[in-house]
Number of protein chains: 2
Amino acid sequence: MPYDPSAYPPFAVTVDLVVLTVRRHALCALVVRRGESPYEGRWALPGGFVQPKEGLAAAAARELEEETGLRVHESAGQSGGVHLEQLATYGDPDRDPRMRVVSVAHLVLAPDLPAPVSGGDAQTVRWAPVESLLSLEQEESREAADPALAFDHHRILADGVERARSKIEYSALATAFCPPEFTVGELRRVYEAVWGVALDPRNFHRKVTGTPGFLVPTGGTTTRQGGRPAQLFRAGGATLLNPPMLRPEV
Amino acid sequence: MPYDPSAYPPFAVTVDLVVLTVRRHALCALVVRRGESPYEGRWALPGGFVQPKEGLAAAAARELEEETGLRVHESAGQSGGVHLEQLATYGDPDRDPRMRVVSVAHLVLAPDLPAPVSGGDAQTVRWAPVESLLSLEQEESREAADPALAFDHHRILADGVERARSKIEYSALATAFCPPEFTVGELRRVYEAVWGVALDPRNFHRKVTGTPGFLVPTGGTTTRQGGRPAQLFRAGGATLLNPPMLRPEV
DNA sequence: CTGTTTATCGTCAGGCAGACGACTATGATC
DNA sequence: GATCATAGTCGTCTGCCTGACGATAAACAG
């Protein structure tokens with residue numbers, strides 16, 4: 001099977017981004033409003049073409065910075081540092097009606113941003129709760145009050161959310177949703193938002209403070225959540241939690 | 001950013017396969033000898049171009065059947081059924097010296113085949129223990145007695161093996177390495193081969209027979225492993241093991 | 001018949017998670 | 001300033017699961 005550079009089928013390769021954060025106790029994803037056909041006016045995941053001499057992760061990082069101003073830290077997993085990883089690749093022959101597009105989806109976990117989204121037009125880029133994005137799509141046949149996501153982005157988002165949900169079980173990645181310094185309660189609210197469940201504050205506290213390398217106390221305290229002052233922590237060096245955090249049944 | 005079908009960069013999209021099985025108590029991968037430049041004469045993972053109107057999983061299944069005669073069962077996870085899943089996508093700009101190739105790697109778990117490999121030339125397709133494939137590559141600078149894998153296939157294989165090792169922890173996928181009917185001991189040898197550790201037969205037996213939906217007794221027994229007759233099982237409907245099998249530390 | 005091999009059942013101790021009580025230290029409200 | 005609401009932190013207890021390992025069972029090889 002010799003290569004003939006003009007004989008291989010014409011493919012376009014793109015990256016799509018599932019950018020997740022936790023805002024107001026809800027897991028939110030970054031979506032952009034499409035300004036062109038197809039799916040004009042619909043919400044879609046941010047993304048774009050991979051450049052000829054650009055790696056896949058580099059393309060994802062570039063698109064992320066173009067859309068949000070977020071910069072990926074090299075050593076992912078740091079608290080306050082944005083985490084980026086490859087999610088999966090979607091290449092159904094007719095996922096884009098215009099041409100054959102293979103999209104390498106990436107997952108980004110970011111802390112809540114004070115400014116909504118810098119670098120993008122506020123009218124066309126926004127955070128949307130994943131719950132509404134995913135549930136709306138389920139009943140796509142309803143009147144198009146809030147249209148569903150474009151292309152196969154519903155599936156990509158669902159896969160990304162599922163990846164995030166399972167990954168915070170056995171890794172320290174939940175700290176990627178937190179500011180550089182955070183309390184145990186704030187970290188617990190991240191788990192609660194991502195999993196959509198309530199956790200026992202006492203057992204959670206015992207678990208995370210008892211896992212070596214997960215949290216490092218900074219010595220400071222804060223009362224920004226109200227109530228008794230809480231210790232501040234940074235993410236420790238551990239990336240894998242063993243034994244894992246257990247997601248409650250059902 | 002309007003689409004211009006002639007303006008996007010020229011990409012080729014391929015699928016590569018990490019096909020794993022357990023033979024003679026060792027985890028083995030399918031490799032083919034390259035007959036052309038670059039890396040002529042080297043071993044490489046099987047793979048090929050995605051066709052214009054073909055999905056990624058379909059391309060992987062087609063390549064698998066072309067190289068091995070194996071056919072993927074639709075409902076993966078059945079014992080005796082071949083399991084196929086997407087692994088990851090590799091697209092470094094210079095991973096192939098000839099052109100820009102983005103490869104969507106897939107992971108295949110198959111039971112040990114009585115016939116070596118049907119459908120392929122026995123001289124150019126073979127099972128190789130992953131231990132030797134991976135360790136050889138580590139010392140690539142040694143004399144080229146047995147050259148390393150072509151392209152970035154060492155990394156792809158390593159990722160696939162790591163995926164398989166972690167996935168049998170929390171899923172019932174180990175049965176994909178087994179024939180349609182198998183004993184607890186045979187299943188244990190699968191775990192031991194994939195993880196490269198020895199497991200306690202008594203605790204393993206308690207664990208797998210006590211996990212609902214993992215194993216279904218067929219009523220038959222066999223002595224093909226020698227010793228006392230062992231019950232035969234089929235894979236149950238469960239796909240996720242909760243709690244998971246624990247891989248011994250270190 | 002005896003030793004070897006593999007399968008299977010049981011026992012026991014330690015670790016960890018879920019349920020939940022108790023106490024502490026803030027700010028808010030009266 | 002007393003009281004209340006809110007959040008954080010420490011402990012206790014119980015049940016489940018795992019790792020270590022003893023014991024028995026059923027085949028085959030000599």
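Letters A, B, ... mirror the listed sequences (proteins, then strands); counts begin at 1.
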Which whole-number value in Å describes the distance from [X] [atom1] to [N] [atom2]?
X: A/Gln231; N: D/dA7; atom1: CD; atom2: P; value: 18 Å
X: A/Phe204; N: D/dA7; atom1: CZ; atom2: C1'; value: 14 Å
X: A/Leu232; N: D/dA7; atom1: CG; atom2: P; value: 17 Å
X: A/Phe233; N: D/dT9; atom1: CZ; atom2: C1'; value: 10 Å

Hey, does B/Arg224 reach any base, or is it just sugar-phosphate, or nothing, if we go heavy atoms under 4.0 Å? nothing

For A/Arg188, report the nucleic acid contact type (base, sugar-phosphate, nothing); a contact means any heavy atom under 4.0 Å. sugar-phosphate

Does D/dT9 have OP1 or OP2 sitting under 4.0 Å from an N or O in the side chain of A/His205?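 Answer is yes, contact under 4.0 Å.
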
Quick one: is B/Lys207 getting a side-chain N or O under 4.0 Å of the D/dC17 phosphate, OP1 or OP2?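 Looking at the OP1 and OP2 atoms of D/dC17, neither is under 4.0 Å from any side-chain N or O of B/Lys207.
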
Report yes or no: do B/Asp16 and B/Tyr90 form a side-chain donor-acceptor pair below 3.5 Å?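 The criterion, which ignores hydrogens and geometry beyond distance, is not satisfied for B/Tyr90 and B/Asp16.
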
Given the options A/Leu27, A/Leu45, A/Leu157, A/Val161, A/Leu133 meets side chain to side chain contact (heavy atoms under 4.5 Å, CB included) only with A/Leu157

Taking B/Glu65's backbone N and O only, do any of them form a donor-acceptor pair with B/Thr68's side chain (distance below 3.5 Å, no angle check)?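 No, because the side chain of B/Thr68 does not come within donor-acceptor range (under 3.5 Å) of the backbone of B/Glu65.
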
Inter-residue atom distance B/Leu20.CG - B/Arg163.CZ, 0.5 Å rounding: 11.5 Å

Please name all residues satisfying salt bridge (Lys or Arg N to Asp or Glu O under 4.0 Å) with B/Arg224, sequence neighbours left out, ordered by chain then number. B/Glu186

Encode nucleotides 19-26 of chain D as B, S and - characters from 5' to 3', where the letter depends on protein heavy atoms closer than 4.0 Å: B to the base, S only to sugar-phosphate, - to neither. BBBBB-BB

Would you indicate whether B/Arg247, at its atom CZ, is surrounded by more than 12 heavy atoms from other residues, nucleotides or ligands within a distance under 6.0 Å?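 Above 12, so yes.
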
Can you confirm whether more than 12 heavy atoms, excluding those of B/Arg62, are under 6.0 Å from its CZ atom? yes

Where does the chain B footprint on DNA chain C start and end, counting 5' to 3' with a 4.0 Å heavy-atom cut-off?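 Endpoints of the contacted stretch of DNA chain C: C/dT5 to C/dT11.
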
Residue pairs, two or more places apart or on separate chains, that pass ring pair (Phe, Tyr, Trp, His ring centres under 6.0 Å) and touch residues 188-227 of chain A: A/Tyr191-A/Trp195, A/Tyr191-A/Phe204

Where along residues 211-223 of chain B does a heavy atom fall under 4.0 Å from DNA chain D?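 The stretch gives none, as no residue of it lies under 4.0 Å from the strand.
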
Would you list the pairs meeting salt bridge (Lys or Arg N to Asp or Glu O under 4.0 Å) in which at least one residue belongs to residues 202-214 of chain B, sequence neighbours left out? B/Asp200-B/Arg202

Considering only heavy atoms from C-beta outward, does the side chain of A/Thr239 approach that of A/Ser171 to under 4.5 Å? no

Please name the pair of heavy atoms, one in B/Ile156 and one in B/Leu87, separated by the smallest distance, quoted to 0.1 Å. O-CD2, 3.8 Å

